[in-house]
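All chains are named by letter (A, B, ...) in the order of the sequence lines, taking the proteins before the strands, and each is independently numbered beginning at 1. Computed over heavy atoms, backbone and side chain alike; hydrogens, waters and symmetry mates excluded.
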Protein chains: 2
Amino acid sequence: MTGVKPTMSDVARTAGVSAMTVSNVLTGRRHVSPATRSRVEQAAAALGYELNLTARHLRAGRTDTVALVVPHFDHPYFGELAARLAALLAAEDRHLVVEQTGASREAELAAVSQARWQLYDGVLLSVVGMSAADLDDLHTSVPLVLLGEQEMPARYDHVRMDNVAGARLATAHLLATGSRRIAVVGGADPDPASGMKPARTLGWTLAHADAGTDPAPELLVRAPADLTSGRDAVRRLVADGIEFDAVFAVTDTLATGVLAGLAEAGVRVPDDVQVIGFDNLASSEFTVPALSTVDPGHERMVTEALRLLDAVARGPAGGADGGTGAREHVISPARLVHRATARAR
Amino acid sequence: MTGVKPTMSDVARTAGVSAMTVSNVLTGRRHVSPATRSRVEQAAAALGYELNLTARHLRAGRTDTVALVVPHFDHPYFGELAARLAALLAAEDRHLVVEQTGASREAELAAVSQARWQLYDGVLLSVVGMSAADLDDLHTSVPLVLLGEQEMPARYDHVRMDNVAGARLATAHLLATGSRRIAVVGGADPDPASGMKPARTLGWTLAHADAGTDPAPELLVRAPADLTSGRDAVRRLVADGIEFDAVFAVTDTLATGVLAGLAEAGVRVPDDVQVIGFDNLASSEFTVPALSTVDPGHERMVTEALRLLDAVARGPAGGADGGTGAREHVISPARLVHRATARAR
DNA sequence: CTGTTAGCGCGTTCAC
DNA sequence: GTGAACGCGCTAACAG
């Protein structure tokens with residue numbers, strides 16, 4: 001209630017020591033005699049002293065904080081990612097803060113061009129809207145690891161899932177269990193250079209090729225990756241009278257919407273239409289029926305991302321490449337999770 | 001590639017001006033002649049200068065950043081909360097960072113006792129594990145607004161939902177549509193002083209009293225608020241042979257688990273058992289069948305929370321009370337959302 | 001084990 | 001419209 005915030009010197013003065021000693025007590029980086037320590041602690045408590053972290057950050061040049069920058073806070077995929085990273089970092093007394101860009105290219109560029117990242121020891125950037133070219137224009141001295149399913153410039157470390165293999169696995173399973181008209185919901189033209197959708201769509205195409213068939217073009221349903229779009233995709237398919245006996249949804253979120261759409265249309269899953277998603281969200285076990293999906297190896301991805309980030313932070317000179325500028329690109333293997341929306345093989 | 005990060009003085013030197021002028025160009029707080037401005041901008045670009053925000057923060061004593069501290073990143077309720085807040089703040093060029101405590105009392109206390117909050121202009125704290133007594137012991141000079149459904153000390157601003165009224169509404173609807181044995185999943189003894197569960201359970205009790213009945217005690221099923229627990233609650237109910245013709249789940253997450261459990265047991269919803277949840281998550285519209293639920297007035301909650309935070313930040317002296325220490329406690333009204341898991345009245 | 005000195009890189013204050 | 005000096009609060013480096 002005195003109004004002014006006490007500083008370290010204030011604590012030092014009332015404890016009868018120097019500011020350095022107070023600092024030592026607080027950081028524990030140097031030995032302090034028990035007697036001195038307790039005098040300092042009492043003085044700090046008496047004054048209601050609170051360490052000023054911004055000053056520490058400026059002086060130390062470190063913040064012990066890693067940032068995760070995601071397009072949306074409210075997409076379960078990113079929430080789960082954040083939770084996993086936070087758990088890993090907390091184990092080593094480091095902190096995670098999460099920031100949101102908004103998914104558009106413009107919003108991501110704006111977020112990225114800001115000097116905010118200087119506040120962190122490293123940044124994990126989940127890219128969705130930006131292109132490889134945009135990323136190439138990016139200049140930051142902060143250790144940066146990219147997460148995301150599109151093509152990325154070689155000069156950044158990058159962790160992603162095996163989208164093609166996962167989608168191929170899912171589609172192959174649908175073919176092997178008797179489906180012949182497999183819609184890909186959230187599919188995209190395989191040409192565009194960005195995003196997970198072309199890769200997963202490619203997996204769908206390849207699985208058909210593997211089976212010696214060719215998917216009908218009207219079974220490729222473009223859609224943004226949200227719940228509403230999944231439901232709408234089914235409505236559209238039904239309204240257009242397009243026959244299908246299975247759906248490969250390129251994300252679990254889309255798949256959940258698809259299940260809602262199929263239920264609404266009175267279609268039985270998996271008897272009439274099988275469904276497989278991609279991402280293995282925590283909630284996917286609890287859809288009705290329980291969603292079969294592709295697990296992208298979440299744990300692997302977060303441990304690799306953190307490993308790469310620490311490697312960049314420690315050795316800014318070269319990295320895995322020995323100085324050419326190329327860095328590691330990790331691909332986490334995908335695996336099929338069998339539940340109730342697809343038949344057993 | 002020179003290795004050393006340029007500072008403002010470096011930029012100033014190569015632009016042939018003083019550091020102050022560089023600062024003025026960057027902040028835009030004072031007029032700078034166009035010619036000087038462009039010289040500074042070119043010098044900054046040439047050197048690859050990046051503003052050091054930690055220094056600015058120390059000097060300015062402000063960070064233009066608000067923190068949201070939540071128990072879990074990966075619970076959709078908090079993800080949606082974060083997204084709403086971020087949208088509101090972005091509109092005024094302020095930033096939101098989200099941090100996670102872990103939901104236990106110990107983890108929350110640890111998170112809270114740290115000086116980290118000094119890094120923010122204000123903190124929105126989502127309380128789950130801590131008691132009112134714990135919060136009373138809290139001493140921080142950072143503007144703080146509490147979010148959470150338990151009792152909170154009067155000296156903090158606090159925003160919450162109308163849990164009792166919402167639960168009463170839901171239960172009353174179930175009674176009015178013919179259900180007589182309404183289980184409350186996630187229910188709790190109304191005595192304990194903390195948490196949303198007792199309040200929502202109380203609403204369930206009161207609705208029965210309103211109807212002149214008394215719920216059977218075996219219909220109160222205690223459970224943590226997650227998907228697995230919702231499903232397990234149904235399994236237990238069924239295994240124990242307890243008859244029920246409706247479920248009021250105290251969160252949508254629990255309700256989603258309940259729907260999975262009912263589907264697994266071959267129970268038809270809403271024909272055999274009606275279900276109503278609480279929270280109105282974005283995903284609740286897409287369960288099968290679509291979940292009827294209680295909407296807690298999300299938008300209202302976030303605007304109020306931000307309004308209170310700004311009020312604390314601006315007038316640290318008094319607040320709504322005029323200096324007695326008591327502050328505003330806002331209760332957002334609840335409303336029933338009719339979908340497919342409950343019959344129309 | 002403890003103290004002294006000297007900044008970290010900005011922005012406020014006051015001058016011109 | 002621009003500059004000089006100082007200090008925000010803390011800690012690395014070197015004493016002793």
Side-chain angles (χ1 to χ4, degrees), chain A residues 3-41 43-44 47-65 114-121 141-142, chain B residues 3-41 43-44 47-65 114-121 141-142:
Chain A
V4 188
K5 288 197 61 176
T7 76
M8 250 186 195
S9 327
D10 297 328
V11 177
R13 197 171 314 117
T14 83
V17 297
S18 77
M20 195 62 240
T21 301
V22 178
S23 174
N24 289 151
V25 170
L26 264 41
T27 59
R29 291 170 70 81
R30 282 164 72 176
H31 282 293
V32 178
S33 75
T36 312
R37 162 180 298 277
S38 82
R39 285 219 316 289
V40 168
E41 282 166 351
L47 296 180
Y49 171 71
E50 289 180 296
L51 176 65
N52 183 324
L53 278 180
T54 72
R56 169 181 286 183
H57 290 171
L58 174 58
R59 182 66 245 218
R62 261 185 316 98
T63 61
D64 294 319
T65 300
Q114 271 163 321
R116 289 189 61 75
W117 291 354
Q118 299 293 339
L119 297 173
Y120 308 115
D121 290 351
S141 54
V142 178
Chain B
V4 188
K5 289 197 59 175
T7 75
M8 248 185 198
S9 326
D10 297 329
V11 177
R13 197 171 314 116
T14 83
V17 297
S18 77
M20 193 61 243
T21 301
V22 178
S23 174
N24 289 151
V25 169
L26 265 42
T27 60
R29 292 169 69 81
R30 279 163 74 174
H31 283 294
V32 178
S33 75
T36 312
R37 160 178 300 275
S38 83
R39 284 223 314 289
V40 168
E41 280 165 351
L47 296 180
Y49 170 73
E50 289 179 296
L51 176 65
N52 183 325
L53 278 180
T54 73
R56 170 180 285 184
H57 290 171
L58 175 58
R59 186 64 248 228
R62 257 185 318 98
T63 62
D64 293 320
T65 300
Q114 272 163 321
R116 288 189 62 74
W117 290 356
Q118 298 293 341
L119 297 173
Y120 308 115
D121 290 351
S141 53
V142 177

A side-chain contact here means heavy atoms from C-beta on lying under 4.5 Å apart; do [X] and [Y] qualify?
X        : Y       : value
B:Val32  : B:Asn24 : yes
B:Asp64  : B:Arg62 : yes
B:Leu51  : B:Met8  : yes
A:Gln118 : B:Asn52 : no

DNA chain C: 5'-most and 3'-most nucleotides touching chain B, 4.0 angstrom heavy-atom criterion: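 So the outermost contacting nucleotides come out as C:dG9 to C:dC14.
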Can you figure out which of D:dG3, D:dG1, D:dG9 approaches the side chain of B:Val17 most closely?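 Looking only at heavy atoms from C-beta outward on B:Val17, the closest nucleotide is D:dG3.
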Report, as a single string ordered 5' to 3', how protein heavy atoms within less than 4.0 Å touch nucleotides 11-16 of chain D: B base, S sugar-phosphate only, - not at all. BBBB--
Mark yes or no for whether B:Asp121, through its side chain, and B:Thr63, through its backbone, hold a donor-acceptor pair below 3.5 Å.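 Yes; at least one donor-acceptor contact below 3.5 Å.
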Gap between atoms NE2 and C1', on B:His57 and D:dC8 respectively (whole Å):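 One finds 13 Å between C1' of D:dC8 and NE2 of B:His57, rounded.
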I need the B:Leu26 CG to B:Arg37 CZ distance, nearest 0.5 Å.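 If I round to the nearest 0.5 Å, the distance is 9.0 Å.
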Under the side-chain contact (heavy atoms from CB on, under 4.5 Å) rule, what do A:His57 and B:Leu119 come out as? Steps first, then yes or no, please. CA-CA 10 Å; A:His57 290 171; B:Leu119 297 173; 3.7 Å; yes
Output every pair passing salt bridge (charged side-chain N to carboxylate O under 4.0 Å, His left out) with a member in residues 11-26 of chain B, not counting sequence neighbours, ordered by first then second residue.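 Those involving residues 11-26 of chain B are B:Asp10-B:Arg13.
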Residue met sooner reading DNA chain D from 5', once B:Ser33 and A:Leu58 are mapped to nucleotides: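 That would be B:Ser33.
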Regarding A:Ser9, tell me which of base, sugar-phosphate or nothing describes its non-hydrogen contacts under 4.0 Å with the strands shown.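 Nothing, no nucleic acid heavy atom in range.
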